[in-house]
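All remarks here apply to the structure that follows.
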There are 2 protein chains.
Amino acid sequence: MLSEVLIQSISKIHPLSQALIDRLSNVTRQVSFPKKTTLLTQGNICDKVYFIEKGLARAFYLKEGQEVTSWLMQENDFIFSVNSFYGQKPSYENIELLEDSILTSLGYHELQSIYRDFLEFNIIGRVLTEYYYTLSEERTFSLRLQTTKDRYESLLKMQPEIFNRVPLKYIASYLGMSAETFSRLRAKVK
Amino acid sequence: MLSEVLIQSISKIHPLSQALIDRLSNVTRQVSFPKKTTLLTQGNICDKVYFIEKGLARAFYLKEGQEVTSWLMQENDFIFSVNSFYGQKPSYENIELLEDSILTSLGYHELQSIYRDFLEFNIIGRVLTEYYYTLSEERTFSLRLQTTKDRYESLLKMQPEIFNRVPLKYIASYLGMSAETFSRLRAKVK
DNA sequence: AAATCAACTTGACATAAATCAAGAAATAAA
DNA sequence: TTTATTTCTTGATTTATGTCAAGTTGATTT
C-alpha cells in the first residue's frame with residue numbers, strides 16, 4: 001500500500017501515472033516496528049529503502065566500541081545506508097529506530113525494475129538522490145568548518161524539535177563531540 | 001565537441017543514441033585552462049559541470065581566512081559544487097585548477113533540457129549522482145571515524161599518485177589536519 | 001645564476017576536547 | 001511507588017592537535 005503522504009512527496013517531483021502508482025503499491029509494504037528495532041546491522045547489505053511515515057531513526061558507526069551517530073531522520077524522509085544500498089555491498093553503518101515507527105519499505109531489486117520499466121521514475125530517483133546528497137554535503141560542511149558551539153547552535157536553530165525526541169548523547173556524537181563536551185556546551189550557551 | 005573518453009564513460013551506464021550524442025556535442029564545450037585558474041568563487045552560483053579530460057582540480061572552503069580543501073579530483077571525473085549546482089544557489093566553496101587542464105563543460109540549463117528531452121539521460125544522471133554521493137560519504141566516514149594516521153594511510157593506499165601532483169598542504173587540510181601535523185605524521189610513518 | 005616566492009619541516013607552547021570517574025536526575029520497569 | 005536502569009552533569013586530568021615562529025629546502029621568475 002502506498003500512503004497519501006508518500007505519493008504527495010514524490011509526485012511533487014514528477015507526476016505519477018496510474019500504472020506507476022499501481023506498480024509502487026504492489027512492491028511497497030507498510031510496516032510497524034517498535035522503538036529500538038534494528039533495521040540494518042553493519043556487515044549486512046542494505047537491501048531496502050524505507051520511507052518514514054511516522055517515527056524517527058538514526059544511523060551509527062562503531063568507533064573503537066563507541067557508537068558515532070551519522071544521521072538522524074524523521075517523518076517524510078527516506079532512509080538507507082548510502083554506500084551499502086547503492087553498491088549492494090556490506091554496510092559499515094547500523095540503522096535503528098528511536099521511536100515506535102511506521103515505515104514503507106521498497107526492496108532494491110524492485111526499485112531497479114521500476115527504474116527499468118518506468119523511465120520517468122529515474123527523474124524522481126535522480127532528484128531525490130541530488131537532494132539527499134546535498135543534505136549530506138551540508139552536514140559534512142558543518143563538521144569540517146564550524147566549531148562545536150556553532151554546530152550546536154545551527155542544529156538548535158534548524159531542527160529544535162530533535163532535542164526533545166533524541167537522547168542527547170546521540171546528538172553529541174552526531175555533532176562530532178563527546179557527550180561530556182556537549183553537556184558543558186549546553187550549560188554554557190543556555 | 002564530445003571526447004571519446006567522455007562518451008565511453010557515460011555510455012557504460014546506459015547506451016547513448018545518436019540523437020543524444022549529437023545533442024551533447026552541441027551543448028558541451030571543450031576548454032583549456034592554465035594552472036591556478038579559478039572555476040568557481042564562493043558567493044557565485046555554480047552554473048556548469050566540468051568533466052576533467054586532463055588535469056587536476058580542488059575545491060576549498062575558507063575557515064577563518066584559512067583554506068580547507070574539501071575534495072581533489074582528476075582525469076575522468078565530473079566536478080561541480082554539489083550544493084550550489086543542484087540548488088542553483090550561491091556556493092560556499094571555491095574550485096580551482098592545480099594543473100594546466102583540459103575540461104569539457106556543460107551548463108546547468110542545457111543539462112536540464114537534456115533531462116527533459118531525453119528521459120534515458122536521467123538514468124545516467126541518477127547513477128552518476130549515486131556514485132559521487134557514495135564517494136562523498138566515504139570521505140565523510142573517513143573524517144569521522146579514522147584517526148589522522150589512518151586517514152593518511154588510507155589515502156596513501158587508495159590514491160598514491162595524488163601525493164606527487166598536489167602540494168602537501170592541500171592534502172593536509174583535505175585530511176582534516178594542519179600542514180604541521182601532516183608533516184610530522186609523514187616523518188613518523190615513513 | 002641570482003633572487004624571489006612558495007612549500008615543507010621542526011621546535012616550543014597553548015588549548016580544545018577526550019577520557020576517566022563519580023554522582024545526580026530522569027525515565028522505565030517491577 | 002519503589003527499584004533499577006539509563007541519561008545527563010560536573011570535576012580533574014591527559015592528550016592530540018593547533019598555533020606561532022623560525023629556518024630549510026625547493027621551485028619559479030627575471
Side-chain angles (χ1 to χ4, degrees), chain A residues 34-38 56 58 60-69 72 96-101 142-156 160-190, chain B residues 34-38 56 58 60-69 72 94 96-100 142-156 160-190:
Chain A
K35 187 173 176 164
K36 290 193 181 173
T37 300
T38 296
L56 197 146
R58 76 166 182 130
F60 63 96
Y61 313 100
L62 290 177
K63 181 184 193 176
E64 290 154 25
Q66 297 228 329
E67 296 182 355
V68 178
T69 299
L72 297 162
E96 72 167 18
L97 297 176
L98 297 182
E99 296 179 356
D100 298 344
S101 303
S142 172
L143 272 179
R144 274 182 167 262
L145 269 92
Q146 297 186 305
T147 63
T148 49
K149 184 160 165 285
D150 289 341
R151 272 177 269 149
Y152 168 52
E153 288 176 343
S154 299
L155 188 66
L156 197 56
E161 72 289 357
I162 225 171
F163 291 88
N164 303 319
R165 296 179 71 178
V166 178
L168 298 178
K169 58 174 184 171
Y170 296 150
I171 297 182
S173 73
Y174 173 64
L175 293 174
M177 65 187 90
S178 70
E180 292 92 334
T181 296
F182 186 58
S183 174
R184 283 184 250 267
L185 196 57
R186 299 182 76 225
K188 215 167 162 186
V189 173
K190 196 185 291 178
Chain B
K35 185 174 178 165
K36 291 192 182 174
T37 300
T38 297
L56 197 145
R58 77 165 181 130
F60 63 95
Y61 312 100
L62 290 177
K63 182 185 191 175
E64 290 155 24
Q66 297 230 328
E67 296 183 355
V68 178
T69 300
L72 297 163
N94 304 273
E96 71 166 19
L97 297 175
L98 296 183
E99 296 179 357
D100 296 344
S142 173
L143 272 180
R144 276 183 164 259
L145 268 91
Q146 298 186 306
T147 62
T148 50
K149 185 159 165 285
D150 289 341
R151 274 177 266 150
Y152 169 53
E153 288 176 342
S154 299
L155 188 65
L156 197 57
E161 72 288 357
I162 225 171
F163 291 88
N164 305 319
R165 296 179 71 178
V166 178
L168 297 178
K169 60 174 183 172
Y170 296 150
I171 297 182
S173 73
Y174 174 62
L175 293 174
M177 65 187 90
S178 70
E180 292 92 333
T181 297
F182 186 56
S183 175
R184 285 183 249 267
L185 195 57
R186 298 183 76 226
K188 214 167 161 186
V189 172
K190 196 186 290 176

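Keep in mind that this is a model prediction, so the values were computed, not measured. Chain naming here is simple, since letters A, B, ... match the order of the sequence lines and numbering starts at 1 in each.
- With C:dA28, C:dT9, D:dT9 as the choices, the nucleotide that has an atom nearest any side-chain atom of A:L168 turns out to be D:dT9.
- A side-chain donor-acceptor contact under 3.5 Å links B:S173 to the backbone of B:T69.
- For B:R184, whose side chain is taken as the heavy atoms from C-beta onward, the closest listed nucleotide among D:dG18, C:dA18, D:dC8 is D:dG18.
- Between A:E96 and A:K36, none of the side-chain N atoms (NZ, or NE/NH1/NH2) sits under 4.0 Å from a carboxylate O, so this pair counts as no salt bridge.
- Put simply, CD on B:E180 is 16 Å from P on C:dA14, counting in whole angstrom units.
- When rounded to the nearest whole Å, the span between CG of A:L185 and P of C:dA18 equals 11 Å.
- When both pairing distances are held under 3.5 Å, D:dT14 makes a Watson-Crick or G-U pair with C:dA17.
- For B:T181, taking side-chain heavy atoms from C-beta onward, the closest of the listed nucleotides C:dA18, D:dT9, D:dT17 is D:dT17.
- In this structure, A:T147 reaches neither bases nor backbone, as no heavy-atom distance under 4.0 Å exists between it and the strands shown.
- Put simply, CG on A:L98 is 15 Å from C1' on C:dT27, counting in whole angstrom units.
- Rounded to an integer number of Å, the gap from A:F163 CZ to C:dA26 P is 18 Å.
- Counting only distance, with no hydrogens or angles, the side chain of A:S183 and the backbone of A:A179 share no donor-acceptor pair below 3.5 Å.
- If you check C:dA17, C:dC8, D:dT9 against the side chain of A:T148, the one that comes closest is C:dA17.
- Across all strands, A:K149 comes closer than 4.0 Å to no nucleic acid atom at all (heavy-atom distances).
- Using a 4.0 Å cut-off between charged side-chain N and carboxylate O, B:R165 and B:E161 make no salt bridge.
- A:F182 has its CZ atom 16 Å from the C1' atom of C:dA18, to the nearest Å.
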